[in-house]
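Working notes, structure below.
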Amino acid sequence: MTARRVWTAEAIAGAHHRVWAATGPWLGLARSRRDRTDSPADRARWDAWISVLTPPERSGTKNYTDLCVLVGNARDMLLALRQTLPQCPSVGSVAAEIERRIRSGDLPQSVRVGRLSMATRLRVPNEHVDLALADLAARGLVEVTAAGWAVVTSTAPDSEHRTGAYGRQSVTAGGAGAGAA
């Protein structure tokens with residue numbers, strides 16, 4: 001494999017159109033998933049996919065990097081659709097269950113929330129737990145670190161700005177992250 005394939009502008013444009021043609025029939029289902037979700041993080045994820053995978057009205061200059069990003073978004077959206085076809089709890093109900101466990105003391109303050117074990121226990125895709133933890137972080141119940149794990153920060157959200165104990169993400173009760181501490 002010493003020869004590199006050179007993509008022409010026409011080949012790249014054609015590949016873009018094939019991706020849009022393949023994902024176009026699924027955008028309606030993606031919109032219905034977006035409209036039925038009870039999670040702001042999940043809604044933002046669906047909005048981003050729908051926006052990227054809707055063909056633009058004007059044809060602009062496309063490059064190979066844009067094509068790779070488009071293909072990755074198409075794959076992620078189709079995988080998410082496949083994962084949501086079987087009946088499983090919504091992201092909002094996963095967040096409510098994790099919050100219930102925090103408030104009951106099953107997940108006490110400063111405890112790391114096991115993302116994979118929580119997904120297995122609740123019988124949901126891992127991504128549902130990730131999105132639920134993002135929602136809970138916006139409400140001040142957990143802190144999501146740069147490493148991707150979550151720590152219970154409070155059993156009740158407070159209204160003042162808090163800097164995370166782990167120095168990765170600061171969260172206010174309104175949900176605005178203040179960046180690295």
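All figures in this text were calculated on a predicted structure; none of them were measured in a lab. The figures here come from the full heavy-atom set of this structure, side chains too, leaving out hydrogens, waters and symmetry mates.
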Note to self: side-chain contact (heavy atoms from CB on, under 4.5 Å), that's the test. Do I98 and L136 meet it? Break it down for me.
What the structure shows: CA-CA 9 Å; I98 295 171; L136 293 173; 3.5 Å; yes

Taking [Y]'s backbone N and O only, do any of them form a donor-acceptor pair with [X]'s side chain (distance below 3.5 Å, no angle check)?
X    : Y    : result
S93  : S90  : yes
S117 : G114 : yes
T37  : R33  : no
Q109 : T153 : yes
D106 : R101 : no

[Y] reachable from [X] in the ILVMFWY side-chain graph, under 4.5 Å edges:
X    : Y    : result
V69  : W46  : no
V151 : L131 : no
L29  : W20  : yes

Within this structure, what is the [atom1]-[atom2] distance for the pair [X] and [Y], rounded to the nearest 0.5 Å?
X    : Y   : atom1 : atom2 : answer
L70  : D66 : CG    : CG    : 8.5 Å
R121 : E97 : CZ    : CD    : 9.5 Å
S51  : N73 : OG    : CG    : 9.5 Å
I50  : R43 : CD1   : CZ    : 9.0 Å
L78  : W49 : CG    : CH2   : 9.5 Å
W26  : L53 : CH2   : CG    : 13.5 Å

Show the nearest heavy-atom pair for residues [X] and [Y], with the distance to one decimal.
X    : Y    : answer
T23  : A74  : CG2-CB, 3.5 Å
Y64  : I12  : N-CD1, 3.6 Å
D135 : P40  : OD1-CD, 3.6 Å
R18  : A11  : NH2-O, 4.3 Å
P89  : V124 : CD-CG1, 3.5 Å
V91  : A132 : CG1-N, 3.7 Å

Notebook entry, point to check: Who passes side chain to side chain donor-acceptor pair (under 3.5 Å) against N126, sequence neighbours left out?
Noted result: none

Next item on the list: Could you pull out all residues at least two apart from S32 that satisfy side chain to side chain donor-acceptor pair (under 3.5 Å)?
Entry: none

Measure the shortest side-chain to side-chain distance between [X] and [Y] over non-hydrogen atoms and say whether it is less than 4.5 angstrom.
X    : Y    : answer
R45  : D76  : no
V113 : M118 : yes
L27  : M77  : yes

Notebook entry, point to check: What pairs with R115 under salt bridge (charged side-chain N to carboxylate O under 4.0 Å, His left out), at least two apart in sequence or on another chain?
Noted result: D130

Notebook entry, point to check: Are there more than 12 heavy atoms of other residues, nucleotides or ligands under 6.0 Å from atom CZ of R100?
Noted result: yes

